[in-house]
Every structure is written in structure tokens, then in C-alpha cells.
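Scope of the values below: all heavy atoms of this structure, side chains included, with no hydrogens, waters or symmetry mates.
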Amino acid sequence: IKPEQIGAHLKRALAPVYLVFGDEPLQVAETCDVIRAAARAQGYGAREILHAGPGFDWAALTLAASNLSLFAERRLLELRIPGGKPGEAGAEALVNYAAQPAPDTLLLVVCPKLDGATQKSKWFGALEQAGVVVQVWPVTARELPAWIMQRAPAKGMRLSQEAAALLALRVEGNLLAAAQDLEKLYLLHGAAQLDADTVAAAVADSARFDVYDLADSALSGDAPRAARILNGLRGEGVEPTLVLWALARELRALAGMAHECRGANVEQVLVKYHVWDKRKAVIKKALQGRSADYWRGLLRHAARVDRVIKGIATGAVWDELLQLSVGLAGVRPLRGK
């Protein structure tokens, strides 16, 4: 079921097993909180937590399931699998538990995002068959304003569409930051109707900018976001040298890859340059339609920026870095000087 359906489900009955997983920490935590609260309300007063990290002895799950409390109290057994991979021993232990859940016990299994292969595994299917699976999907940038507007009424607040859009822009997809900012707005204004001006005056910029965000945004072709991140870095007092280092590092790699891709398999080139799997799509997109000469031209521009930073050449360093960033995004070719 979806996270927003868990409340209605818990009002009907408690399942013996719950598996909650996803890569949005706030929603995973809040979903688990709702399950814990419902368990307490139905007499599950004891709680035991198991962390199934590296080296975890899965016999502990079997032992915990077989050990009733001194007063035979209902209990919540919480199993956290931070890596999302229980291994062979863990898979066997979970399948065995699901086949015969412990009496007067609610098992809550918490995992990060699980890939498709894991969701087809025997242990996943066993838990799904024995109880309820709650998959948490990340909130996209397009969905975030609506998420904020839906969350605000819980505090009695009403946000205009412009206010929600502004708050979403400031938190850069960070749901925890959005929740904290809504709490701050409630403390300042109480249950009120809030417009964009009120939000702008009350909420600090919660975006987490760094040089890697800048490089990734530029590589993905998102020039407006790259420009905004660069402005954020400038406002935070980040040294231009560090920004240039991040951009030049990408440019050197792209120039080399573009040169080698002319006579070699692209995948082999990406492996040679140690490109992570998560970045391969972005790098491939950046290489498409842009020659090695294009990237070498940007490298010449980076050399000019370096001279500006050192005072050897004239120019406004942050303007030069902006040109370099949008050039990396492919907005327009820049001629090296």
C-alpha cells in the first residue's frame, strides 16, 4: 500500500508483519511512527530493535521471536536492514519467520530503497504474503508544492500556491527541511493563511548547495539550476578556486572521454574513467553531439578563469564561472581565450 493509505489500514486491523522501504527518510520514518503508534494503542507495549548491519547474527531474529516478555506482553519487534540486502542467512530467517510469525508480536522491517530484483526475491515475497508492504516513493520537484500544501493543514495552516512553490524552491527537494520550515511557520504565525511574502520573510534558504551539485546540474543540461547553485555557493562564501576545481575536473574527463569515444565502445570508455553507474546516463548525454574540441575549448576557458582568480588576467571571476557552468550545460559553445 501507499504511505498515505497506512492510517486507514491500521484503523481496521494490524497485520503480523510490516515491511516499509524507500529512499525518502522522512516519509519512511513517519510511516513507521504511525505503525508504532497503532501498535501501542492496541497493547503492544514492549519494543525490541534489531540492527541487521554487516556481521549481524540472524539467529538473533529467531531468538527474539521465541522469547516472550516476562509478563507475556504484546510487543513490537523492529528489524532494520540498512543495506537492504539480508544475504542468504537473512533471507532464510525472514522466510521462516513469515511462514510462522511469532504470537503476540508485530514485526516491523525497515529498509532503504529496494531494487526490482530484490522485490522479486523469495524473502520479500514471503513478507508480502504474511503481512503488508509499504513502498515509499520520493516526492518529485513537480509534486513538492502539492505535498507542502497537503501537509500544512495538519497544523491548521493554509498556504497559497505561490507560497508553497516558493517554499519548495527554497528546500530543493529536502522533505525534512520542508517539514522543519512548516513547523517554523506555525510557531511564528500559528494557524493562519500564509502568502508568498510571509513565507519569504520567515524561512531561510534550506537548499544544500555544493560544488558537486553544481557539476551534476550542469552535466545534466539544467543551466538555470546550475546558475542558481553557483549563486548559492557565492553567497555561502565558497572559494572560487574550489568551484573551478570541480568544473575543470569534469571538463578534463569529458575531453578525454570524447576523444577516446571516436574509436572505442562508449561503455568501455566510461569504465576506464571510473564513471559510477548512477552517473553514466548523465555523462552519455553530455557527450552526445559535443566533440572533444568543444570540451577542450571549455578547458581553455577554465585556464582563463584560473588566471583571473590569480590576478594575472582581468575579469569578474564569478561571471567567468557562470559562463563556464552554462557552457558545461551545453547552453552555448564558449570560445577559449
Side-chain angles (χ1 to χ4, degrees), residues 140-142 144 165-166 168-174 177 204-261 266 269-270 273-337:
T140 66
R142 180 177 297 180
L144 187 53
L166 175 61
L169 183 65
R170 287 178 180 271
V171 301
E172 281 280 314
N174 187 329
D205 193 343
S206 298
R208 300 296 185 258
F209 294 133
D210 61 35
V211 293
Y212 297 106
D213 287 331
L214 173 64
D216 285 345
S217 294
L219 280 172
S220 65
D222 193 344
R225 185 171 188 271
R228 197 162 71 84
I229 291 175
L230 184 67
N231 188 54
L233 290 169
R234 183 179 184 180
E236 292 172 5
V238 175
E239 290 294 329
T241 303
L242 180 60
V243 178
L244 178 61
W245 167 81
L247 296 175
R249 185 186 66 164
E250 299 292 348
L251 290 171
R252 283 192 293 270
L254 286 163
M257 286 187 282
H259 176 75
E260 294 195 28
C261 280
V266 175
V269 173
L270 295 180
Y273 280 80
H274 306 290
V275 178
W276 298 343
D277 288 341
K278 291 184 178 180
R279 302 193 76 213
K280 284 183 178 179
V282 173
I283 296 297
K284 287 179 181 179
K285 181 180 178 181
L287 290 172
Q288 287 178 354
R290 300 180 215 172
S291 66
D293 287 339
Y294 177 88
W295 300 115
R296 284 194 285 265
L298 287 178
L299 273 174
R300 288 193 294 272
H301 188 95
R304 168 176 166 72
V305 178
D306 182 58
R307 294 195 296 272
V308 173
I309 292 175
K310 293 176 179 176
I312 301 173
T314 59
V317 63
W318 287 101
D319 289 345
E320 296 284 353
L321 287 170
L322 176 60
Q323 290 190 47
L324 191 62
S325 298
V326 298
L328 182 58
V331 170
R332 59 186 178 187
L334 298 175
R335 293 179 180 175
K337 297 182 180 179

Rounded to the nearest 0.5 Å, how far apart are [atom1] of [X] and [atom2] of [Y]?
{"X": "I312", "Y": "D306", "atom1": "CD1", "atom2": "CG", "value": "7.0 Å"}
{"X": "R300", "Y": "L251", "atom1": "CZ", "atom2": "CG", "value": "11.5 Å"}
{"X": "S325", "Y": "L298", "atom1": "OG", "atom2": "CG", "value": "10.0 Å"}

**Message:** Let's go through E320 and I309 carefully: what are the C-alpha distance in whole Å and the side-chain angles of both, what is the deciding distance for side-chain contact (heavy atoms from CB on, under 4.5 Å) to 0.1 Å, and is it a yes or a no?
**Reply:** CA-CA 10 Å; E320 296 284 353; I309 292 175; over 6 Å; no
Which heavy atom of [X] sits nearest to which heavy atom of [Y], and what is that distance?
{"X": "A258", "Y": "W295", "value": "CB-CD1, 3.7 Å"}
{"X": "L299", "Y": "A248", "value": "CD2-O, 4.1 Å"}
{"X": "V238", "Y": "W318", "value": "O-CZ2, 3.4 Å"}
{"X": "I229", "Y": "S217", "value": "CD1-OG, 3.4 Å"}
{"X": "A255", "Y": "A292", "value": "O-CB, 4.0 Å"}
{"X": "R304", "Y": "T314", "value": "NH2-O, 2.8 Å"}

**Prompt:** Would L214 and L247 count as a side-chain contact (heavy atoms from CB on, under 4.5 Å) if you check the C-alpha gap in whole Å, the side-chain angles of each, and the deciding distance to 0.1 Å?
**Reply:** CA-CA 8 Å; L214 173 64; L247 296 175; 4.1 Å; yes
**Asked** Just wondering, do K284 and L270 contact through their side chains at under 4.5 Å, heavy atoms?
**Response** yes
**Asked** Is L144 close to V171 at the side-chain level, that is, under 4.5 Å between some pair of heavy atoms?
**Response** yes
**Item:** Pairs meeting criterion salt bridge (Lys or Arg N to Asp or Glu O under 4.0 Å) with involvement of residues 243-258, two or more places apart
**Value:** E250-R279
**Under 3.5 Å: donor-acceptor pair, side chain of R290, backbone of L328** = yes
**Request:** Assess whether atom NZ of K280 is packed by more than 12 heavy atoms of other residues, nucleotides or ligands within 6.0 Å.
**Result:** yes
**Item:** Chi angles and distances behind the side-chain contact (heavy atoms from CB on, under 4.5 Å) call for L244, L324
**Value:** CA-CA 9 Å; L244 178 61; L324 191 62; 3.8 Å; yes
